[in-house]
Amino acid sequence: MPELPEVEVTRRGIDGPLRGARVQSLSLGKPLRWPLGIAPATLEGAAIDGVSRRGKYLWLQFSEGAGGLLIHLGMSGSLSLLQEPGPPGPHDHFSMGTSAGTLRLTDPRRFGAVVWSAALEHEPAARLLSRLGLEPSDPALTPGLFHAALKGRRTPIKSLLLSGEVVVGAGNIYACEALHAAGIDPRLRSDRISRPRAARLLQAVRETLERALALGGSTLRDFRDAHGMDGEFQSEARVYGREGQDCARCGGIVRRLVQAQRSTYFCAGCQRR
DNA sequence: AGTTAAACCTGGTTGC
DNA sequence: TGCAACCAGGTTTAAC
């Protein structure tokens, strides 16, 4: 469900309210991708410093050496901060009562995770974050560096974007949209992309993610922010989910294919090899 | 070493 | 209507 914009929208909804709040209770539902890694009662009484983000992971930092929680929303997860929680539903698998409300993870498919770690630099957080590329907002990610990173890779550019090994944050929707915006065929081998086109693609990734963030993310089925609001980006998608429709830019037909077991949507008319 | 399949789960939609 | 097949915003692990 959530790509970088949706995760960041979620973060912004909970960071302010949770700062300084204290954990009062913690309960779990069915198992998520990985176990919490700590007895839930251990965290009771801990104060929350804040919530940051790395790629599509959220990091909820506790005060005074109490570590933190690394949270991933998987494919179908969403976090909400509830003032009047009510009992957990069948898809609520993590609930943390705090003095600022109950933080609850709803995740039908259970690909998400909430994992305790002593610090971001310690296991298991360090291992989970170790393969992540640079943040799209990182000034160190220059067009030259991006182009150089594509040079050694023979995998199709769509798959490389999706992997997050070079730049994090673009999942299936935004990888398709950024490639369309940049006019690049998703099947093109990464190392065959010229420097000017790489620069254009990097810019497209950044603009696509920023635009989605400004619109509150995409709500295809069930994404909601921490206040239960829909995102609006999905209505701006040019290719994602639009198989058979006309391309808004060139009038071609949007096609769908499968790469690395994921659907890719693109316009064969204006996305060139 | 690098790239691609299989796996993890549930639920909604499509088609026979 | 019933049921099977396919599809879904992600990532790790195992296998070529």
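We name chains A, B, ... by the order of the sequence lines, and we start the count at 1 in each one. Note that the coordinates shown come from a computational prediction; the quantities given were computed from them, not determined experimentally.
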Margin query: Without decimals, in angstroms, what is the distance between A/D107 CG and C/dG9 P?
Written below: 15 Å
Notebook entry, point to check: When the C1' atoms of B/dG12 and C/dT11 are considered, how many whole Å apart are they?
Noted result: 23 Å
Next item on the list: Select base, sugar-phosphate, or nothing to describe what A/R262 touches, counting heavy atoms under 4.0 Å on all strands.
Entry: base
Item checked: Each stem that DNA chain C is part of, given as range with range (3 or more consecutive Watson-Crick or G-U pairs, under 3.5 Å) -> B:2-8 with C:10-16, B:10-16 with C:2-8
Next item on the list: Could you tell me the separation between the NE2 atom of A/H93 and the P atom of B/dT10, rounded to a whole number of Å?
Entry: 8 Å
Notebook entry, point to check: With the threshold set at 4.0 Å, does a side-chain nitrogen-carboxylate oxygen contact exist between A/R206 and A/E210?
Noted result: no
Next item on the list: Scan A/R189 against the nucleic acid and name what it touches under 4.0 Å (heavy atoms): base, sugar-phosphate only, or nothing.
Entry: nothing
Notebook entry, point to check: Heavy-atom distance under 4.5 Å between the side chains of A/H72 and A/L58, does that happen here?
Noted result: no
Next item on the list: Using the rule that two of Ile, Leu, Val, Met, Phe, Trp, Tyr join whenever any of their side-chain heavy atoms come within less than 4.5 Å, decide whether A/L82 and A/L60 are in one cluster.
Entry: no
Notebook entry, point to check: What is the distance from CD of A/E3 to C1' of C/dT11, rounded to the nearest Å?
Noted result: 13 Å
Note to self: So, does A/K56 get its side chain near the phosphate of C/dT11, meaning an N or O under 4.0 Å from OP1 or OP2?
What the structure shows: yes
Notebook entry, point to check: Considering only C/dT12, B/dT10, C/dT11, which nucleotide approaches the side chain of A/H72 most closely?
Noted result: C/dT11
Notebook entry, point to check: Roughly, in whole Å, what's the span from CD in A/Q259 to P in C/dA8?
Noted result: 13 Å
Notebook entry, point to check: Does a side-chain N or O from A/S263 land closer than 4.0 Å to OP1 or OP2 of C/dA8, or not?
Noted result: yes
Next item on the list: Please lay out, stage by stage, how A/Y174 and A/E6 fare under the test side chain to side chain donor-acceptor pair (under 3.5 Å).
Entry: CA-CA 11 Å; A/Y174 303 123; A/E6 292 75 30; 2.5 Å; yes
Next item on the list: For A/A204 and A/A178, work out which heavy atoms get closest and say how close.
Entry: CB-O, 3.4 Å
Margin query: Any carboxylate oxygen within less than 4.0 angstrom of a Lys/Arg side-chain nitrogen, looking at A/E165 and A/R153?
Written below: yes
Next item on the list: Let me know the distance between CZ of A/R110 and P of B/dT10, rounded to the nearest Å.
Entry: 5 Å
Checklist line | Candidate nucleotides C/dA8, B/dT10, C/dG9, ranked by approach to the side chain of A/H91 - the nearest | finding: B/dT10
Margin query: Could you tell me how far apart A/E243 (CD) and B/dT13 (P) are, to the nearest whole angstrom?
Written below: 18 Å
Item checked: A/Y265 side chain, from C-beta outward: closest of C/dT12, C/dG9, C/dA8 -> C/dA8
Item checked: A/L160 CG - B/dG2 C1' separation (whole Å) -> 12 Å
Note to self: If you define the side chain from C-beta out and look only at heavy atoms, does anything of A/T10 sit under 4.5 Å from A/V51?
What the structure shows: no
Next item on the list: Verify the distance criterion only: is there a donor paired with an acceptor across the side chains of A/R104 and A/S95 at less than 3.5 Å?
Entry: yes
Every protein N/O within reach of nucleotides 4-8 of chain B N/O, cut-off under 3.5 Å:
from  : atom 1 : to     : atom 2 : distance (Å)
B/dT4 : OP2    : A/T155 : OG1    : 2.9
B/dA6 : N7     : A/Q261 : OE1    : 3.0
B/dA6 : N7     : A/Q261 : NE2    : 3.1

Note to self: Between A/S159 and A/Q259, do the side chains contain a donor N or O and an acceptor N or O under 3.5 Å apart?
What the structure shows: no
Next item on the list: Determine the minimum heavy-atom distance between A/F62 and A/A46, stating which atoms define it.
Entry: CD2-CB, 3.9 Å
Notebook entry, point to check: Between C/dT13, C/dA8, B/dT10, which nucleotide has the shortest distance from any of its atoms to the side chain of A/Y240?
Noted result: C/dA8
Next item on the list: Take atom P in C/dT1 and the same atom in B/dG11, then report the distance between them in whole Å.
Entry: 22 Å
Next item on the list: Identify whether any heavy atom of A/Y57 sits under 4.0 Å from a base atom; if not, whether one sits that close to sugar-phosphate; answer base, sugar-phosphate or nothing.
Entry: sugar-phosphate
Notebook entry, point to check: C/dT11 C1' sits how many Å from A/N172 CG, rounded?
Noted result: 13 Å
Next item on the list: Pick the P atom in B/dT3 and in C/dG9, then give their distance to the nearest Å.
Entry: 23 Å
Note to self: For A/L128 and A/Y174, find the nucleotide of DNA chain C closest to each by heavy atoms; which residue's nucleotide sits nearer the 5' end?
What the structure shows: A/Y174
Item checked: A/E3 (side chain) donor-acceptor with A/I173 (main chain) under 3.5 angstrom -> yes
